Amino acid sequence: MFTPYERPGKKGVEEAKQSLQKAMESKKYSKACLNIQRLWRQFQATEKVREIIRSKTQSKISDIKKLKSMLGDKLKNLPIKTLLDLIRLCKISKDPNSVYELRDWIEKSLSNPDPAINFMSNINNWDVFIYVITSIGSLYKKNKDADKFIVSVLMNTDKVSYFYRFLVFMQLVNEEMLLKNAKKYLMQEILLASDNVLSKSIANTIDLVIVSNVLFYEIDISVLKNEDKSLVYNGFVEIQAYVVDEILSIPRIAKFILQHPRFYDVKWKEMIQSYCYTQVAPTVTVYGYSEKEIFLFGNLWELFQTRLLNSMTPSDIAHFLITCTKLVKNLTPKLLECSPSASIVEPINLKTLRRQISLFTDSSRLGIVFMKIFNHESQGFDDSFNPTAAQSLCEIYNIFLEKCRDSKEAQFVVTGIMGGLAFNQKILYKIWKFLETFCDLRQFYNLKSFQNQDSNVYKFSSVLSIFCSAYRNLLLISNDEEFPYIFTKDELLTFTFFSIGFIHTLLSTSKINDTTENLLKSLCQLLTLIHEFNTRLKFIEEKEFHFNQDTIDIICSTQEALNRVLGFFPFCLPFDDRAEILISRIMQTKDIYSGYQSTKIVVRRDNFMADSIAQLLMVPDVRGRLEVKFINIFGTVEEGYDAGGLFKEFWTSLSQEAFNPQYGLFSVSNDRCLYPNPESELFFGDKHLEMFYLVGRILGKAIFERITVEPTFAEFFLRKMIGKYNFIEDLKSLDKEVYNNLMFLKTYEGNVEDLSLTFIVNTVGGQEIELKPKGRDIPVTNLNKLEYIYKLADYRLNLQIKNQCTAFFRGFSELIPGNWVCCFTSYEMQKLISGTTESIDLQDLKAYTAYIDCSSWDDCVKNFWKVMESFDDEERSLVLKFVTSCHRPPLMGFKNLFPPFTLSKARIDRDDEKLPSSQTCMNILRIPTYSSWKVLREKLIIAIRSNAGFEFR
């Protein structure tokens, strides 16, 4: 049913007929029914009148055509009254040919200098002006060339004020849908203009679109009444907002606007402001992003980078950046998942968008924008500095980072942004001072502020986030001598203590919103890196990173809170707590396998490695119990039940042999630490990766069974174990000489080409490896030396042993998954493997020592502890190695040594009868009953220094 305010269409007419018929049949003429009847009759009458007018118009048009054939070239002499009549007739007529007839007449009239013939010269009446222009505007729907006439009339009719001309344009926009038709035409023409050249027709339409902006600023606002001012202002804002939202969002239009001669006549700042203050509903597509807004951002940024940046002040730029912030919030990496030249067959619009985004992410252009906004010429922030512009700029780039960080294909965006910020220390320091000056850092501790989007903290969260991301990338390529780069020592301490406090505040609560989570992620990644530097440089005590004990107890009480801490910044927990978590995970897994049948392994002592390798590779899951039997050199099975001691002996011996550099799987660095041998294939052929898989199992099983083993690994390899990537500073732990050479090259002030370096590296076997395509022919210069340094370091640390490490960690993770150990540092990882490097705590050892055939009150036991107290650290370590086969104390004290350190009494008749002996498989030390502690000391020194073993005499 149609209402009295609607003109019924075909469906409405049918409904009206049916309603009226029902009313007639029921004989009930209600007021509503009478209204329907009246409206229906009016509609029918109106249709009859229109039919009559159309028929008369067609006859008039026919007469016009005859007139044209009679007059020929004399058409230009038609009087203005005749032209106005023709306009009126053509407006009523639906004959498309009449539009082109009228266009010819108007064109001839406009080109005639005779005032009596040129109808523009005869427009001296406001009503006639409106009639002519609106009539031409209605023709624009059917005639794309009418735009130049409209612009010409509006810009050149001196007898009509700019105020009235602007009102006419408003009327054309509102009633004749002038801009909607312009948009439709521009989309069609730009799509066909693959050469990006501004054609005459596109230029005319763009002229029509921007003419309102030019007209508005010609109006003398001071002479207008208040109601007229309001009318003009509101109309201007609506039109400009529409132009930005609908016209500037046309893909690739920026290229054509930049070529337009009226570009600098437009007040771009005010146009953007109009859009910024107008609520425009986004066009969200099925792909989840607002396609129109993304193309609008691309066009605006191209205009900004190409022309507007140099002509705008920071205050002018502020509104532009606020607008861009709103636009990019709906961005998805899907649009950016390849470089602009990735495909020649993809749609040209998407290819252009990626090119526009590349302008945004280009590191050199990015640096120019930031330095202009942050006022690089001033040490501080003067009156020209605009905090809103600075905050919005940081927010835009931070949004791009968050959107693209996890997309492999969109990493060129992240690389470009970080290249422009992280390696420009002036910009980075300016961002920090901006944050410190305009936002009280203590406000970040008030988490309620993050729930209010208008709060200062919420606005500055993006500034802090992008600073953290950029500073982290700077530190990734820094060495200990360069650290902390932009900060003084006091500033570093200030920032570090603020970060610790803020992270503690966020981690002790549940998730607030996505903004706080993204900020927490950026800050934790940076603080983790600062924590790594601190493990070497010791500028802050380790305990400063930790929660207080009450908070630790609360967090450890719930698995969700604990996982949150371990995932973001595990160093809030002391090492012992994290190690306990690892042990609890291992024990939970062992409980699952406790009911499984044990796997038997039989090993010949004279063929130890071959038998071990062959059988262990056949075990599908080594998390279960392994029961070991030894066959002695005489071919008989050694008696005894494996209660854990035989397995420990077997596994300790296996690890000693597998990690021995002479075996060929591992090499030794300058500081005698182990790392995978890049040339392992020379020793084991095609099976070398299978061997690394097995060795990974061996180390994982040792940690799983809490067996401390001797190998000390290079720091860069330990970093791989905990899931970290290596950078140039880690090269020190592999080859100090190569590291020093690269640092020399990095700071070399002469001509690097004189060193005759190219992008190649020689392997140990003498093979040349190119660091980049055709690297053999690319000389290292002052411009590309940093690239050479980082590519060489990356090859030595990561690429040359990539296959070996992948195989090793595949075996290791079968027992110790990566997410179990990523919460440790490389130093802590070594402690998990080999125990602590701290001095042996005799009180701790005494508290967890077990006794067989004796007690703590026996004289031989008392003598042993007196001897241990007299020993220095080295001698105590030798005793521990003599008993347990490892010279380091176990992780987190002797309570975690399994089997426990055990003393056993061996009765003798005289002091020279035997030496102290050990059973390393069960961690047992047998102490003869010597006559005094001094004799015991002398005999024990002989035993530990001669590597005496079981029942050694």
Side-chain angles (χ1 to χ4, degrees), residues 605 608 628 630 632 638-657 702 705-711 834-835 840-842 844-856 858-890 893-908 911-930 933 935-953:
R605 288 193 179 273
F608 180 78
V628 180
F630 286 104
N632 61 28
E638 296 181 2
E639 297 295 331
Y641 171 73
D642 185 6
L646 289 176
F647 170 75
K648 178 181 179 291
E649 179 189 351
F650 165 69
W651 214 257
T652 302
S653 301
L654 186 62
S655 63
Q656 288 175 345
E657 188 68 28
E705 299 293 344
R706 287 186 287 171
I707 299 174
T708 53
V709 292
E710 282 291 307
S834 304
I840 296 173
D841 186 344
L842 285 183
D844 182 53
L845 175 60
K846 188 181 296 187
Y848 293 100
T849 294
Y851 299 95
I852 297 177
D853 299 332
C854 62
S855 68
S856 59
D858 284 345
D859 289 339
C860 64
V861 173
K862 291 179 180 179
N863 287 338
F864 171 76
W865 292 120
K866 190 171 183 179
V867 169
M868 289 295 287
E869 289 174 358
S870 69
F871 278 166
D872 57 24
D873 288 342
E874 181 186 358
E875 290 169 326
R876 290 176 185 177
S877 295
L878 290 174
V879 171
L880 189 62
K881 184 175 182 181
F882 181 70
V883 179
T884 68
S885 74
C886 184
H887 70 278
R888 300 188 190 95
F894 286 94
K895 67 179 180 180
N896 288 302
L897 181 63
F898 182 80
F901 188 91
T902 304
L903 296 180
S904 177
K905 181 168 60 174
R907 299 184 182 278
I908 57 173
D911 288 347
D912 61 351
E913 189 173 330
K914 65 169 61 176
L915 293 172
S917 61
S918 66
Q919 279 183 277
T920 56
C921 61
M922 297 298 294
N923 295 338
I924 296 176
L925 174 62
R926 298 192 182 280
I927 308 173
T929 54
Y930 296 117
W933 75 273
V935 175
L936 174 59
R937 189 180 194 279
E938 178 186 349
K939 301 293 184 181
L940 187 57
I941 289 176
I942 295 173
I944 62 178
R945 292 196 180 278
S946 59
N947 284 325
F950 181 65
E951 296 298 327
F952 177 80
R953 296 178 184 275

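Model, not experiment: these values are computed from the prediction.
Annotation: ring-ring contact (aromatic ring centres under 6.0 Å, His included) contacts of Y848 (sequence neighbours excluded): none. Scored by the salt bridge (Lys or Arg N to Asp or Glu O under 4.0 Å) test, D872 finds no partners at all (sequence neighbours excluded). For K895, the salt bridge (Lys or Arg N to Asp or Glu O under 4.0 Å) partners two or more places apart in sequence, or in a different chain, are E580. For the side-chain contact (heavy atoms from CB on, under 4.5 Å) test, residues two or more places apart in sequence or in another chain that qualify with S856 are Y851. Residues satisfying the ring-ring contact (aromatic ring centres under 6.0 Å, His included) test with W933, not counting sequence neighbours, are none. R706 is linked by a side-chain contact (heavy atoms from CB on, under 4.5 Å) to I583, M587, N896, counting only residues two or more places apart in sequence or in another chain. K905 pairs by the salt bridge (Lys or Arg N to Asp or Glu O under 4.0 Å) definition with D858, not counting sequence neighbours. By the side chain to side chain donor-acceptor pair (under 3.5 Å) test, D844 pairs with no residue at all, sequence neighbours left out. Taking E705 as the reference, K590, K701 meet the salt bridge (Lys or Arg N to Asp or Glu O under 4.0 Å) condition, with sequence neighbours excluded. Applying the side-chain contact (heavy atoms from CB on, under 4.5 Å) test to A847 and every residue at least two apart in sequence or in another chain returns nothing. Looking at residues two or more places apart in sequence or on another chain, you find a side chain to side chain donor-acceptor pair (under 3.5 Å) between S904 and R926. Legend: residues meeting side-chain contact (heavy atoms from CB on, under 4.5 Å) with E657, ordered by chain and number and at least two apart, are M609, Y663.
Closest heavy-atom contact between V879 and L940: CG2-CD2, 4.1 Å. Minimum heavy-atom separation, I908 to T929: N-OG1, 3.2 Å. When all heavy atoms of R888 and E710 are compared, the closest pair comes out as NH1-O, 3.4 Å. Nearest heavy-atom pair across I924 and I852 is CD1-CD1, 4.0 Å. Here the shortest heavy-atom pairing between P916 and P928 reads CA-CD, 3.8 Å.
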Applying side chain to side chain contact (heavy atoms under 4.5 Å, CB included) to V861 and F864, what does each step give before you reach the verdict?
CA-CA 5 Å; V861 173; F864 171 76; 5.5 Å; no
For side chain to side chain contact (heavy atoms under 4.5 Å, CB included), just list the numbers for I840 and D873, CA-CA rounded to whole Å, side-chain angles, deciding distance to a tenth of an Å, and then say yes or no.
CA-CA 7 Å; I840 296 173; D873 288 342; over 6 Å; no
Working for side chain to side chain contact (heavy atoms under 4.5 Å, CB included), residues F882 and L925:
CA-CA 8 Å; F882 181 70; L925 174 62; 3.7 Å; yes
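In this structure a side-chain-to-backbone donor-acceptor pair under 3.5 Å is missing from T708 to P890. Side chain of S834 to main chain of P711: a donor-acceptor pair is present (N/O by atom type, distance under 3.5 Å, no hydrogens or angles). Remark: the backbone N or O of P900 is paired with a side-chain donor or acceptor of T902 at under 3.5 angstrom.
Going from atom NZ of K862 over to atom OG of S855 covers 8.5 Å, rounded to the nearest 0.5 Å. To the nearest 0.5 Å, atoms CG (L903) and SG (C860) are separated by 8.0 Å. Rounding to the nearest 0.5 Å gives a distance of 13.0 Å between CD1 of I927 and CZ of R907. Note that CZ of F894 is 7.5 Å distant from OG1 of T849, once rounded to the nearest 0.5 Å. Separation of atoms CG (D859) and CG (L936) is listed at 11.5 Å; rounding is to 0.5 Å. Separation of atoms OG (S918) and NZ (K881) is listed at 12.0 Å; rounding is to 0.5 Å.
Using the six-membered ring where Trp is involved, F901 and W865 have ring planes that are tilted, between 30° and 60° apart.
Counting heavy atoms from C-beta outward, R937 and E875 have side chains that approach closer than 4.5 Å. Counting only heavy atoms from C-beta outward, the side chains of I707 and F647 approach each other to under 4.5 Å.
Cation-pi geometry between R876 and F871 is not met: the NZ or CZ atom fails to fall both under 6.0 Å from the ring centre and inside 45° of the normal.
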